[in-house]
Amino acid sequence: MSDSSAETSDSSNFIRDIIDADLASNKVSAVVTRFPPEPNGYLHIGHAKSICLNFGIARDYGGHCNLRFDDTNPEKESVEYVNSIRRDVEWLGFTWHSNPFASDYFDQLYAYALDLIKQGLAYVDSQNADEIRANRGTLTEPGVDSPYRDRSVEENIQLFEAMRNDEHKDGEHALRAKIDMQSPNINMRDPVLYRIRHATHHNTGDKWCIYPLYDFTHGLSDAIEGVTHSLCTLEFEDHRPLYDWILDNLETPSRPVQIEFARLQLEYTLTSKRKLNMLVDEGHVSGWDDPRMLTISGMRRRGFTPESIVSFCDAIGITKKYSTIEMGVLENALREDLNARAVRRMAVINPIKVVIENYPEDQEEFFSGANHPQNPDYGTREVPFSREIYIERDDFMEDAPSKFFRLSPGREVRLRFAYYITCKEVIKNEAGEIESLICTYDPESRGGKSPDGRKVKGTIHWVSARHAVDARVNLYDRLFTSANPGAAADFHQALNPDSNIMMDNAKFEPAIELTNNPIAYQFERLGYFISDYDSTNDNPVFNRTMTLRDSWAKIEQSQ
RNA sequence: UGGGCCGUCGCCAAGUGGUAAGGCACCAGGUUUUGAUCCUGGCAUUCGUUGGUUCGAAUCCAGCCGGCCCAGCCA
C-alpha cells in the first residue's frame with residue numbers, strides 16, 4: 001500500500017493517466033489495446049515505440065493487446081510482410097492476445113456500411129476521383145455537395161450492392177459518409193468509406209472487389225475487438241472526429257476511444273517507408289535487414305538485443321510533443337544491455353605482427369581469461385600465447401604523444417592476461433609502411449604483474465598468430481552524415497560513404513563460436529560483435545554492433 | 001479569424017496552484033590488467049513571451065511569438 005504511489009512514477013505518461021482515470025471512474029473495467037500495422041513493409045524502430053506502448057500498457061494493467069493487420073489496401077500488402085511483422089513482434093518479446101486481420105471483418109464492415117446507408121448517413125457517389133477532389137474545397141474554402149448526395153436510400157442500397165457484386169469498374173462509384181461538406185475539418189467533408197478495387201487480397205483472395213478505407217475500418221475493428229484505448233500517432237488527431245462519428249452512428253459491441261501520441265523521430269535515421277524502400281531498391285543497403293537499417297530485422301542482424309530496444313523505448317517516453325531523439329540515447333541503451341551480457345573475447349581487426357624475440361620459438365602457453373569482468377558466473381577460457389602475436393595497428397605509434405598509453409618504440413605495455421612487452425624495433429617495407437614490430441617480454445611479468453611493482457599504464461589486446469582464426473569483420477556506422485536526412489531535399493546527399501567498412505584480415509582468438517551464434521561478444525577494447533547470418537566456419541563474418549565508449553578518441557580529437 | 005495540436009536544461013522527460021524528479025549528453029574527480037564498466041560530485045532562482053488572477057503560478061486566464069499536421073477512392 002505504501003509503495004503504490006511510487007510504482008507509477010517512473011513510467012507515467014499522459015496515456016496512463018487517462019487509463020488510470022477511466023479505471024477509477026469505472027468507464028472501463030479492463031484495458032485492451034492493439035498494435036495495428038499495415039502489412040506493406042517491414043517494422044522499424046518507430047514501430048517498436050508503438051509496440052512497447054501498446055503491449056506494455058496491456059501487460060502493466062493486466063489487460064491484453066492484439067496484433068491486428070490493418071489490411072484494407074490489397075495492392076500494397078503481402079504475406080511476406082505479415083510474416084516479418086509477426087516475427088519482429090515476437091522477437092521483441094511480446095505475445096499478442098489475438099492476431100486478426102481487419103479483412104476478417106469485411107462481412108461485418110459491409111453490414112455496418114449498409115446500416116449507415118439505411119440511416120441516410122452514407123451515399124454512393126458517382127463522381128470520379130478528380131471531381132471529388134475538386135469539390136472537396138481547400139484548407140480555407142468549404143467544399144460543395146456532390147450532385148449524387150441526395151440519392152434515395154433504395155438507390156444507394158442497390159448501387160452499393162452492385163458495387164459489391166462486381167457490376168462496376170474501379171473508380172466508377174464510391175461510398176461516402178454524408179457529414180458536412182462545409183466542415184473546417186477536411187476529414188469530415190463526406191469522406192470516402194468504400195472504393196471499388198479489382199485486386200486480389202492476400203487474405204480474402206478475390207472474394208471482394210470493394211474495399212473499406214482506413215477511417216471506416218479502424219474504429220469499427222477496435223469496437224469489434226473490444227479495444228478500450230486505441231493509441232495512434234499525432235497525424236490522426238484530425239481523424240478523431242470521424243472515428244467518433246462512425247462509432248456514434250452505429251451500434252457496436254464496444255466503444256473505444258482514440259488517443260494520439262508523437263511518433264518517434266531519431267537523429268541520423270529515416271523512418272519513412274517510401275524512403276526506406278528507395279534505400280533497398282537503389283542498392284544503398286543490402287536489403288531490409290541490412291545491419292545499418294533501423295528496421296527491427298536490420299537491428300536484429302546488427303546485434304541489437306530486444307531488451308535494449310525495449311529499454312530505449314522506456315527511456316524516450318510518450319508525449320504529444322514533436323521531438324527528435326539523439327542517437328546517443330539508443331547507443332546508451334544498447335551498450336548498457338550488451339555490457340551486462342556480452343562474453344568477453346580478444347580479436348584484432350586491423351593486425352600488425354609482433355615478434356617477441358626473447359620468447360622461445362617452439363613454446364606456447366595458455367592464460368586464463370575471465371569471460372566477464374564483473375560476473376564470475378560467466379567463467380573463464382584459456383587464451384593461447386606464443387612468440388608471434390598480432391596487435392591492433394591503432395595500438396602502436398612511432399612518434400607517440402605522452403598521453404598515448406599504448407605501444408611505441410622504447411615503451412612498455414601490458415598484453416592483457418599475459419606479459420609486459422617493450423618495443424625494440426620497427427620493421428618497415430620498401431614503401432615505408434610498418435610491417436612488424438620486434439619486442440621483448442619480461443618473463444617475470446607473467447599474468448600481467450611484475451615482482452618489482454613497476455607501473456605499466458597501458459594494457460592492449462592481442463591474438464597469438466599461430467592460434468589465430470582468420471575472419472572478416474563488418475564495421476558499421478550510421479547510414480547518414482546529417483542529423484535529419486529526411487528533411488533534406490535529397491537524402492542521397494546525406495548518405496555516409498563509410499557506413500560499412502569491411503575488414504578482411506581480422507584475427508580472432510580460438511574460443512569464439514563462428515556460426516549460428518546469436519550471442520553477443522565483446523571484443524575487448526573494440527566493441528560489441530555478433531556473427532552475421534552469412535558466417536560459416538570456413539568464412540567467418542562478424543558484424544560490429546556498437547563500439548565501446550572511447551575517451552581516448554575524444555582526447556585525440558581535441559588535440 | 002480554415003481546422004487540429006504542441007512549446008520545462010544541448011536532447012528527451014516528470015510535474016496537474018505550495019516554491020523545478022530522472023535519463024542521455026557534457027564537465028571534474030576516484031577505482032580498474034578493457035583509455036570499457038563501476039563510483040562520487042557538478043550541470044534550469046527558472047518553465048516560448050507579455051500581462052492578469054492569487055499570500056503563492058511551469059501549473060489558472062488573456063494576448064502575442066514560434067513549430068508541427070490536414071486538401072489519397074493511402075494508412
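Each chain gets a letter, A, B and so on, in the order the sequences are listed, and its residues count up from 1.
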Query raised in the report: When all nucleic acid strands are considered with a 4.0 Å heavy-atom cut-off, which category describes A/Thr319: base, sugar-phosphate, or nothing?
Result: sugar-phosphate
Query raised in the report: Yes or no on salt bridge (Lys or Arg N to Asp or Glu O under 4.0 Å) for A/Glu392 and A/Arg406, after CA distance, side-chain angles and deciding distance?
Result: CA-CA 10 Å; A/Glu392 209 69 59; A/Arg406 285 111 98 148; over 6 Å; no
Requested in this report: Examine B/G72: is either OP1 or OP2 under 4.0 Å from a nitrogen or oxygen in the side chain of A/Arg133? Give yes or no.
Outcome: yes
Report task. Would you indicate which nucleotide in B/G72, B/C5, B/A36 comes nearest to any side-chain atom of A/Leu548? Result -> B/A36
Query - Nucleotide nearest A/Arg136 when distance is taken to its side chain, options B/G2, B/A71, B/C12 - result: B/A71
**Report entry** Sugar-phosphate, base or nothing in reach of A/Thr138, heavy atoms under 4.0 Å
**Finding:** base
Query - A/Ser12, nearest nucleotide to its side chain (from B/A36, B/A14, B/C12) - result: B/A14
**Report entry** Flag if over 12 foreign heavy atoms under 6.0 Å of NZ, A/Lys275
**Finding:** yes
**Report entry** Protein-nucleotide distance (A/Ile391, atom CD1; B/U34, atom P), rounded to Å
**Finding:** 17 Å
Query raised in the report: After noting the C-alpha distance and the side-chain angles of A/Glu225 and A/Asn66, does the key distance pass the side-chain hydrogen bond (donor to acceptor under 3.5 Å, both in side chains) rule?
Result: CA-CA 8 Å; A/Glu225 290 171 27; A/Asn66 292 343; 2.9 Å; yes
Query raised in the report: Do A/Phe405 and A/Trp552 make the cut of ring centroids closer than 6.0 angstrom?
Result: no
Query - Exercise: do A/Thr547 and A/Arg335 side chains pair donor with acceptor under 3.5 Å - result: yes
Report task. Compute both the distance and the angle, then confirm whether A/Arg416 meets the cation-pi test with A/Trp462: under 6.0 Å from the six-membered ring centre, within 45 degrees of the axis. Result -> no
Report summary line: Rounded to whole Å, CZ of A/Phe14 lies from P of B/C12 at a distance of 16 Å
Query raised in the report: Which sits closer to the 5' end of RNA chain B, A/Ser126 or A/Asn187, going by the nucleotide each is nearest to?
Result: A/Asn187
Query raised in the report: Quick one: does A/Glu326 reach the base of B/G10 with a side-chain donor-acceptor pair under 3.5 Å?
Result: yes
Requested in this report: Name the nucleic acid region contacted by A/Arg176, choosing base, sugar-phosphate or nothing; use a 4.0 angstrom heavy-atom cut-off, strictly under.
Outcome: nothing
Report summary line: Syn within 90° of 0, anti beyond: B/G30 is anti
Requested in this report: Would you mind telling me which of B/U34, B/A14, B/C73 lies closest to the side-chain atoms of A/Ala129?
Outcome: B/C73
**Report entry** Any N/O donor-acceptor pair, A/Arg406 side-chain to B/G35 base, under 3.5 Å
**Finding:** yes
Query raised in the report: Using a cut-off of 4.0 Å on non-hydrogen atoms, how would the nucleic acid contact of A/Glu131 be classed: base, sugar-phosphate, or nothing?
Result: nothing
Report task. Quick one: label A/Phe404 by what it contacts on the DNA or RNA (base, sugar-phosphate, nothing), any heavy atom closer than 4.0 Å. Result -> base
Query raised in the report: Short question: side chain of A/Asp222, backbone of A/Ser230 - any donor-acceptor pair under 3.5 Å?
Result: no
Query raised in the report: How is A/Lys321 classified with respect to the nucleic acid when contacts are heavy atoms under 4.0 Å: base, sugar-phosphate, or nothing?
Result: base
Query raised in the report: Going by 5.5 Å between centroids and 30° between planes, is there a stack of A/Tyr214 over B/A75?
Result: no
Query raised in the report: Touch check for A/Gln522, heavy atoms < 4.0 angstrom, all strands: base, sugar-phosphate only, or nothing?
Result: base
Query raised in the report: Atom CD of A/Glu331 to atom C1' of B/C24: distance rounded to whole Å?
Result: 11 Å
Query raised in the report: Whole Å only: how far is the CG atom of A/Leu139 from the P atom of B/C70?
Result: 10 Å
Requested in this report: Describe the nucleic acid contact of A/Asp17 in one word from base, sugar-phosphate, nothing, applying a heavy-atom distance below 4.0 Å.
Outcome: base
Report task. Kindly state whether the ring of A/Phe236 and the ring of A/Phe261 have centres lying under 6.0 angstrom apart. Result -> no
Query raised in the report: Among the nucleotides B/C12, B/G72, B/C73, which one has an atom lying closest to any side-chain atom of A/Thr324?
Result: B/C12
Query raised in the report: Can you name the nearest heavy-atom pair linking A/Ser84 to A/Tyr81, along with the distance?
Result: OG-O, 3.1 Å
Query raised in the report: Which one is paired to B/C26, where only Watson-Crick or G-U wobble pairs with both distances under 3.5 angstrom count?
Result: B/G42
Query raised in the report: With rounding to whole Å, what would you report as the distance between B/U59 and B/U8 at their C1' atoms?
Result: 11 Å
If you restrict it to nitrogen or oxygen atoms, what contacts under 3.5 Å exist between nucleotides 64-69 of chain B and the protein, and what is each distance?
{"from": "B/C68", "atom 1": "O2", "to": "A/Tyr322", "atom 2": "OH", "distance (Å)": "3.0"}

Report task. State whether A/Tyr110 and A/Arg164 meet the cation-pi test: NZ (Lys) or CZ (Arg) under 6.0 Å from the six-membered ring centroid, and within 45° of the perpendicular axis. Result -> yes
Query raised in the report: So, is A/Arg240 close to the B/C5 phosphate, meaning a side-chain N or O under 4.0 Å from OP1 or OP2?
Result: no
Query raised in the report: Does NZ or CZ of A/Arg414 lie under 6.0 Å from the centre of the six-membered ring of A/Tyr420, at an angle within 45° of the ring axis?
Result: no
Query raised in the report: Taking atom P of B/A36 as reference, at what distance in whole Å does atom CZ of A/Phe529 sit?
Result: 17 Å
Report task. Would you indicate what A/Asn128 reaches in the nucleic acid, counting non-hydrogen atoms under 4.0 angstrom: base, sugar-phosphate, or nothing? Result -> base
Query - Sugar-phosphate or base contact per nucleotide [nucleotides 38-44 of chain B; S, B, -; heavy atom under 4.0 Å] - result: -------
Query raised in the report: NZ of A/Lys320: more than 12 outside heavy atoms within 6.0 angstrom?
Result: yes
Query raised in the report: Which residue, A/Lys320 or A/Ile316, contacts RNA chain B at a nucleotide closer to its 5' end, judged by nearest heavy atom?
Result: A/Lys320
Query raised in the report: Which is true for A/His461 with a 4.0 Å heavy-atom rule: it touches a base, it touches only sugar-phosphate, or it touches nothing?
Result: nothing
Requested in this report: Verify the contact: side-chain N or O of A/Arg525 to OP1 or OP2 of B/G35, cut-off strictly under 4.0 Å; return yes or no.
Outcome: yes
Report task. Would you jot down, in residue-number order, the residues of residues 41-51 of chain A having a non-hydrogen atom under 4.0 Å from RNA chain B? Result -> none
Query raised in the report: Looking only at heavy atoms, what is the nearest atom pair of A/Thr200 and A/Pro74, with distance?
Result: O-CB, 3.8 Å
Query raised in the report: Looking across every strand, which nucleic acid part, if any, lies under 4.0 Å from A/Gly328 by heavy atom: base, sugar-phosphate, or nothing?
Result: sugar-phosphate
Report summary line: If pairing means Watson-Crick or G-U wobble with both distances under 3.5 Å, then the partner of B/G35 is none
Query raised in the report: What is the base-pairing partner of B/U53, counting Watson-Crick and G-U wobble geometry with both distances under 3.5 Å?
Result: none
Query raised in the report: Across the strands shown, which category fits A/Ile132 at heavy-atom distances under 4.0 angstrom: base, sugar-phosphate, nothing?
Result: base
Requested in this report: Describe, in one word, how the ring planes of A/Phe523 and A/Tyr521 are oriented to each other, choosing from parallel (under 30°), tilted (30 to 60°) and perpendicular (over 60°).
Outcome: parallel
Requested in this report: Please give the nucleotide sitting opposite B/C5 as a Watson-Crick or G-U wobble pair, both distances under 3.5 Å, or none.
Outcome: B/G67
Report summary line: Picking from B/A71, B/U34, B/A75, the nucleotide nearest the side-chain atoms of A/Pro373 would be B/U34
Query raised in the report: With under 30° as parallel and over 60° as perpendicular, where do the rings of A/Trp288 and A/Tyr42 fit, or are they tilted in between?
Result: parallel
Query raised in the report: With sugar-phosphate meaning primed atoms plus P, OP1 and OP2, does A/Leu264 contact a base, only sugar-phosphate, or nothing at under 4.0 Å between heavy atoms?
Result: nothing
